[in-house]
Each structure stands twice: as C-alpha cells, then as structure tokens.
Amino acid sequence: MCGIVAGVAERNIVPVLLEGLRRLEYRGYDSCGVAVLRDGAPHRVRSLTRVRSLDREVREMGLEGGTGIAHTRWATHGAPATQNAHPIFSKNEIAIVHNGIIENFEALKTTLTRAGYEFSSQTDTEVIAHLIHRYYNGDLADAVRRAVTELRGAYAIAVFCKAEPKRVVGARHGSPLVIGVNGRELFLASDPLALSDVTDRFVFLQDGEIADLSRDGSRIMNRDGQPVVRGGRTLSQPPAEAALGPYRHFMQKEIFEQPHAVARTFRRKRPFDATLFGATSPYAFAPIDRILLLGCGTSHHSAMTAKAWFESIAKIPAQVEISSEYRYRETIPGKNTLVVPISQSGETADTLGALMHAQSLGHEYTLAICNVATSAMVRQSCWSFITQAGTEIGVASTKAFTTQLVALFLLAVTLGRLRGHVDEQQEATYRSQLSGLSTALQSVLAREPQIIAWAHELARKDDAIFLGRGSHYPIALEGALKLKEISYIHAEGYPAGELKHGPLALVTESMPVIVTAPNDGLLEKLKSNIQEVRARRGLVYVFADADANLSNEENQHVIQMPEYYGTLSPILHVLPFQLLAYHTACTRGTDVDKPRNLAKSVTVE
Ligand code: F6R
C-alpha cells in the first residue's frame, strides 16, 4: 500500500528516495512519484509504471536536489492516473505526499474551492496541500500543524515548500511515520525498511505529532505546538531477502521457506512460558480467563484455526473477530480477557483500529502476534510475540500464516500449562510435534509435482469450492482465499457439513470441490460429505492423510499427505492449498506476487 520517503541533506538525495521506494514496492502500488526543490521551485516526476521506470525518467530529466519527497500510491480517492499520483502540489509552492484517507475531504474541498483554490486531482490529498498553503505564513511546521487539526481520518504526510528550501515537515495520525537520522542528514519514511540503506537510527512519531526536519536538525511537536522529547532507537533491519534464487516468484520462495520459518519461530529456550511473549513474569497471564483474537484476511484464518487450540488445550473460551467489524461493534469487554491482534505487517489499519477499540473499552491485556518488531501494533500492545517468518514480499500471505499458527499454538500450550490442563507428558508431546514439524512440512512440499498436475486442470475452471471440517475448516477458507486472490478464480470455503444447506446446489460435473482430509475425529463425517458431492457428479480433489484410507476413484482424485500429524495438522494441510493456488495462477499467467487491486500492507480502512 502507499509508501512515503522524504529527506533533507547537503547532497542530492534523489537516489536515496528512489531506493526507499524500491524497498517499499512489495507492498503494492499503482503509481509512484518524486519531487525535489530545484532552482527555487518544486519539480516532480510521476509514473503509472514501476519505480524502475520512474528512476529512468528521473535520470533523463536530471532531477536532483537536497530536499525531496517521494511516494508509492495505492489508489483510494481517484483512479490510478498521473494527475492523482503523488507528490501533489498546491499553487506550485507546497508539495506533499500522503498515506491514509481523509474522511472529511469533501467538506474541506467545498470550503477551499470557495476560497479560490482549484483542484487538479480527484485525491483527498489535494485538500491537505491547499490547506497547508492557506495557513502558510512563513513557517511550514506551523502551517502543517494548523492544517492537520482540520483533518478527520488517517494520515501520514511529508511536505516541503518553495519558500523554505532546506526544510521538510511530516505529521501523522493513524498511519505510521518515522524519522531516520544519518548524522546531519534527516529522513522521513512510512516504514524504517525504506531507509535501511542510509541509517539504522530511528525516532518513531506518535499520533498527533509533527516532525520538523531541516539541515540544522530535527524537532518534534504535538498538535498544540508543544515540543516533544523522544529518544531514538537503533534498529537492525531484517536482511533484504530480495533474491529469488531458484524460484520463479517470491510467493513460491516463501512457500518453500516455511520449514525453516516455523522452526525459527518455535526454537526458543523456554518454549511454553509467558516470558516468551514479552511478559516479565512467568505468571503474567495468570488472571487471563478469555481470549479475543483479532485479524483480517489470512491473519483472521490463523485466529479461527487457533480458537480450537485455546479451547481444547488451554480450556479457555476464545472469541474470533474480523477486525474491521469488531472495531465498530458493541461488545461486552471482559476484565481478564487477553486481546490478541494478529498481523503479518503490524500496520493493518483495521486490526490496529480494533486493538485500539478494545483498549478504549477497558481491555488491559494485549498481546500482538506480529512479523514486524517495529510495527505500530507491537508498540501499541503490552506484550508481543514476533514471528520469525522473515520479510514476506509476495502479497499473498504464506509463511506469515504458518508462523502465526506456531506462535498461537505456543500461546495455547503456555496458557494450558498455567491453568493446569497440560501436564509434563503432554508438554513433551507438543514439544516433539513442534520439533518434527519442519521435516513434515518438507515432505508435504515434495508433493509439488502432483499438485502442478491438478493446477493445470483447475486453471481451466471459473469456480471452486474448498471443504474442511473442525480445525481444518479455516484451512479450507484459506485455500479459497489464496486461489481467488492470485488466480482470480472465484472460490468459496465451507465447513463440509454445511454443504447440503445450500452450496450443494452449485455442484455439477464442472465444479471442482477441493477437500482437506486429515485423519482426525471428523474423517468419517467428511467422507460422507465427499460422497454427497460425488453423487452429484462433482469433481473431488482430496488432500488426504496417508492413514485416512482415501484413494483415487471415479470422480475422486487423491494426493496422499503424510500420516495424521495431530493437533498441528492444519499447518501441514495449508501447504498444498498454497501450492495449488500458486501453480494455478502461474498457469493462468497472472502477476502472482502483485495480484491486481491488492496491497501487501493495508494501511487504510
Ligand atoms: C491474503 C493476505 C491478506 C492479509 C490481510 C491482513 O493472502 O495477505 O488477507 O492477511 O490483509 O494483513 P496483516 O496480516 O498484515 O494484518
């Protein structure tokens, strides 16, 4: 989703800005641009193609400067078009880049139009540019401060103005923004990753704060103009895992990284202890009597999968909420509820909003399960567990999902121990299941050639139904989500027992029905559901555990998985769904790593 890089230095910073944009590219965008001050005026280049092309145009134009702002845009207000790409100018005097959504932009636009401002884009960003211009009276930071008090919604902005050529001002509310310090060079970015080439020293801005950067130094103030003192942090950035190696796409690479990523996630000195989650005492979770799991998309499916673990292992009631719904719902807070926001990026606006909503209701115990240690969600929560997936570049989440599941399993067992429901023997069993997980995942990945054959058939279909039961129902949902988002085939996930209550009407000889079939307590029920499909001549494709006693028959194709893996079985069963979606998308020739209309980190509502 949208990304910001900006800075002020003695040297030409355009290469820094472009490298920053390149590092944010994986998040998804549909246009990009850069502006600098040169010869007393703002100059910009905007492109509807990739950062690579922007770079070429910038070189051709000889665009250089020591004060600049740059952006990758994921369209919200106004189509992806050059005039809507950022930086946006006001009267050729103010230049701005913006992440977020301004909810009252129409009212502001009306006021500004009456005041004589002309709009050349359909963006909400342009109202901020004109507002700052309107308030400008020789002090850019003050104009920004006054302008943002009129905004409703979420924003992170970086601004420069023609009259003060050695100054860049940033502000944030609800969207992340960080200052990067490299000696006398100062930068702003929506993610520290964008600046990892130039610095490891960062100062994180809080909501409502304004950062004033100039060649003389930086200062932060709050929305009342009062100075804020905030220390910096040194961050060792995760290595840029940008090389594809033998893989065709990052998604494929990330699917194959899962055996290592899950092992990194659970390999801890004290695997089932509250201190693993950032708590200072092993008994910190003692009062917890309920779990509230929050997430979107794939992270929501992690929550759904883990709900069963909290209930069966820790004997603790668990509630799962889609973040975007929960944040606007009237709910009854529980005093001792542990609120667990789950997120790869830790910046997803809906999950962050849901977490803050829970806190506003009085929930005190919050624990983020997240892949990014520096993210807003981690900073907003009392405790955190950082999954060790490594940077996930493919928009479709894969290794983030399986590492989240490992983290949630560790939490369920930790709570189970604390509540006296997991004895030493059970703990040893869980530990050995975790230890064997990598090898089991490797053996599932070895089924890739068989899955490719199925993908060639699936690629010719328009629709698909995914079925699972019990703890594998969320895996069916995840399989359907993966397929639709990267292959653009319409897919639905259902609990298999629900089929006869409606979706069975869709089953014909051309409808592929893809089933996850672990050899668990629901297998016989699932087999009956499979028969219901075959009786209607539906085409069944089953990923069945080796000991599930399912084999190829008329209208029934089976790929054998390893033997039933017990409680952690959902982690194994999602892998073939990821591979099936991936190879189906490849066969259809879609842009697998950057599917249309989607962004990696959804920082707007
Ligand atoms: C699907 C996918 C999305 C994300 C969702 C939440 O493959 O990637 O559904 O899971 O946008 O993102 P995070 O986990 O970053 O909060």
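First listed ligand is number 1; within each ligand, the first listed atom is number 1. The figures that follow rest on heavy atoms only: side chains count, while hydrogens, waters and symmetry mates do not. Numbers here simply count residues along the sequence, with the first being 1.
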With a cut-off of 3.5 Å and sequence neighbours excluded, list every side-chain donor-acceptor pair involving residues 455-464.
unit_1	atom_1	unit_2	atom_2	d
E457	OE1	Y541	OH	2.6
D463	OD1	H490	ND1	2.8

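Contact annotation: for E347 versus ligand 1, there are no heavy atoms closer than 4.0 Å.
Remark: minimum distance from atom 10 (O) of ligand 1 to any protein heavy atom is reached at T298 N, 3.1 Å. Counting only heavy atoms of the protein, atom 12 (O) of ligand 1 lies nearest to T348 OG1, 3.5 Å. Of all protein heavy atoms, the one lying nearest to atom 7 (O) of ligand 1 is E485 OE2, 2.5 Å. The nearest heavy-atom contact from the protein to atom 15 (O) of ligand 1 is S345 OG, 2.8 Å. Counting only heavy atoms of the protein, atom 11 (O) of ligand 1 lies nearest to V602 CG2, 4.1 Å.
Inspection of the T516 and H573 side chains reveals an N or O donor paired with an N or O acceptor under 3.5 Å. Checked by atom type, the side-chain pair T275/D273 shows a donor-acceptor distance below 3.5 Å. Side chains of T348 and S345: a donor on one and an acceptor on the other come within 3.5 Å.
Heavy-atom proximity to atom 5 (C) of ligand 1, evaluated over C296, S299, P595, is greatest for C296.
Contact annotation: V395 has at least one heavy atom less than 4.0 Å from an atom of ligand 1. For K482, the closest heavy-atom approach to ligand 1 falls below 4.0 Å.
Between the side chain of D124 and the backbone N or O of H77, no donor-acceptor pair lies under 3.5 Å. With hydrogens and angles disregarded, no donor-acceptor distance shorter than 3.5 Å links the side chain of Q319 to the backbone of L293.
A distance below 6.0 Å separates the ring centres of F543 and W454. For F266 and F409, the ring centers sit 6.0 Å or farther from each other.
Counting the atoms of ligand 1 from 1 in the order shown, those under 4.0 Å from a heavy atom of Q344 are 13 (P), 14 (O), 15 (O), 16 (O). Contact atoms of ligand 1 toward S343: 13 (P), 14 (O), 15 (O), 16 (O) (distance under 4.0 Å to a heavy atom of the residue).
In this view, D545 satisfies the salt bridge (Lys or Arg N to Asp or Glu O under 4.0 Å) rule with no residue, not counting sequence neighbours.
Not one N or O of Q404 is nearer than 3.5 Å to an N or O of ligand 1, by distance alone. Some N or O of S397 is nearer than 3.5 Å to an N or O of ligand 1, by distance alone.
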